[in-house]
Trainee: 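This structure is in C-alpha cells; I'll ask about it shortly.
These numbers come from a predicted model, not from an experiment. Remember, it's 1-based here, ligands and their atoms both numbered in the order they're listed.
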Amino acid sequence: METKCVFCQIASGEIKTELVASSEHCIAFNDIQPRQPVHILVVPREHFVDVSELALKSPEVMADLMALGAKVAAQQTHGSHRFTFNTGIEAGQSVFHAHGHITSVRAK
Ligand code: 5GP
Ligand code: ZN
C-alpha cells in the first residue's frame, strides 16, 4: 500500500488539522511547533518534494500558493512577515512535501 507523507495526509483529511485558509490548489494551517507568534504553513494539496519541483512542474499551483500566502499574511500578521521555503536537508527542510512558512513577530 502507498504510504502518504504527513502533508498529503493533512491535505486529504486523514490527519485532522484546522485550516487557517484554503484555495483551489493549496491549504494553510498553523505549524505544530511555532517558532514565531505567527507561524503558518502554506501547502499544495498535490505532492511535490520541494518548492523547486513545484515551481518547475506546476507554475499554476505555485502562483496559487503565493497568492494564498499573501492572503494569510494580510489576515494574520501586522506589519511585516517572512515567507520562506527551506529546500533540501542542509537548508533545514524536514518535511519533503513543498511548503512555505509565513512567520511574523506580530499577530493581528
Ligand atoms: P521544514 O523544516 O520542512 O521547512 O518545515 C516543516 C514544518 O512542518 C516544521 O516547522 C514542523 O514543525 C511542521 N510540521 C511537521 N509535522 C507537522 C504536523 O503533523 N502538523 C503540523 N501542523 N505541522 C507539522
Ligand atoms: Zn505529500
Side-chain angles (χ1 to χ4, degrees):
M1 219 174 79
E2 193 189 337
T3 313
K4 282 191 192 169
C5 87
V6 64
F7 288 174
C8 280
Q9 288 178 288
I10 290 172
S12 70
E14 280 168 61
I15 297 177
K16 295 270 170 273
T17 302
E18 191 180 340
L19 300 185
V20 170
S22 65
S23 60
E24 183 182 358
H25 296 293
C26 299
I27 55 173
F29 51 88
N30 286 312
D31 196 289
I32 205 166
Q33 275 193 302
R35 261 90 75 198
Q36 299 263 285
V38 178
H39 190 165
I40 295 164
L41 301 174
V42 188
V43 177
R45 296 176 191 272
E46 189 183 335
H47 185 91
F48 299 89
V49 75
D50 60 27
V51 71
S52 295
E53 185 186 70
L54 166 60
L56 292 170
K57 283 195 176 163
S58 192
E60 188 196 351
V61 176
M62 184 74 216
D64 182 84
L65 184 143
M66 295 307 293
L68 185 61
K71 186 174 144 190
V72 162
Q75 284 173 349
Q76 306 282 334
T77 75
H78 191 80
S80 306
H81 69 276
R82 288 196 172 109
F83 196 0
T84 52
F85 299 87
N86 298 328
T87 308
I89 200 158
E90 288 172 345
Q93 187 177 359
S94 61
V95 175
F96 291 86
H97 177 132
H99 57 279
H101 298 250
I102 296 282
T103 52
S104 176
V105 294
R106 283 216 282 158
K108 226 169 205 173

Trainee: Which protein N, O or S atoms does the Zn ion (ligand 2) have within a distance shorter than 2.8 Å?
Mentor: Cys5 SG, Cys8 SG, His47 ND1, His97 ND1
Trainee: So how far is it from Phe7 CZ to Leu41 CG, rounded to the nearest 0.5 Å?
Mentor: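 The CG atom of Leu41 is 5.0 Å from CZ of Phe7, to the nearest 0.5 Å.
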Trainee: Strictly by modelled atom types, are Glu14 and Ser12 linked by a side-chain donor-acceptor pair under 3.5 Å?
Mentor: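 Distance-only check passes for Glu14 and Ser12.
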Trainee: Gly69 and Ile102: which non-hydrogen atoms are nearest, and at how many Å?
Mentor: O-CD1, 3.5 Å
Trainee: Counting only heavy atoms and a distance below 4.0 Å, can you name the residues contacting ligand 1?
Mentor: Val6, Phe7, Ile10, Phe29, Asn30, Asp31, Ile32, Gln33, Arg35, Leu41, Asn86, Gly92, Gln93, Ser94, Val95, His99, His101
Trainee: Roughly how far apart are Ile32 CD1 and His39 NE2, rounded to 0.5 Å?
Mentor: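 Ile32 atom CD1 to His39 atom NE2 measures 11.5 Å (nearest 0.5 Å).
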Trainee: Applying side-chain hydrogen bond (donor to acceptor under 3.5 Å, both in side chains), can you list everything that pairs with Thr77, at least two apart in sequence or on another chain?
Mentor: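 Not a single residue meets the side-chain hydrogen bond (donor to acceptor under 3.5 Å, both in side chains) criterion with Thr77.
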Trainee: Side chains of Asp50 and Thr87: donor-acceptor distance under 3.5 Å anywhere?
Mentor: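 Side chains of Asp50 and Thr87: no pair found under 3.5 Å.
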Trainee: Is there a donor-acceptor contact under 3.5 Å from the side chain of Ser104 to the main chain of Ser80?
Mentor: yes
Trainee: Looking only at heavy atoms, what is the nearest atom pair of Pro44 and Ala98, with distance?
Mentor: CD-O, 3.1 Å
Trainee: Keeping to residues at least two apart or across chains, list the salt bridge (charged side-chain N to carboxylate O under 4.0 Å, His left out) pairs with something in residues 80-103.
Mentor: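 Listed once each, the pairs would be none.
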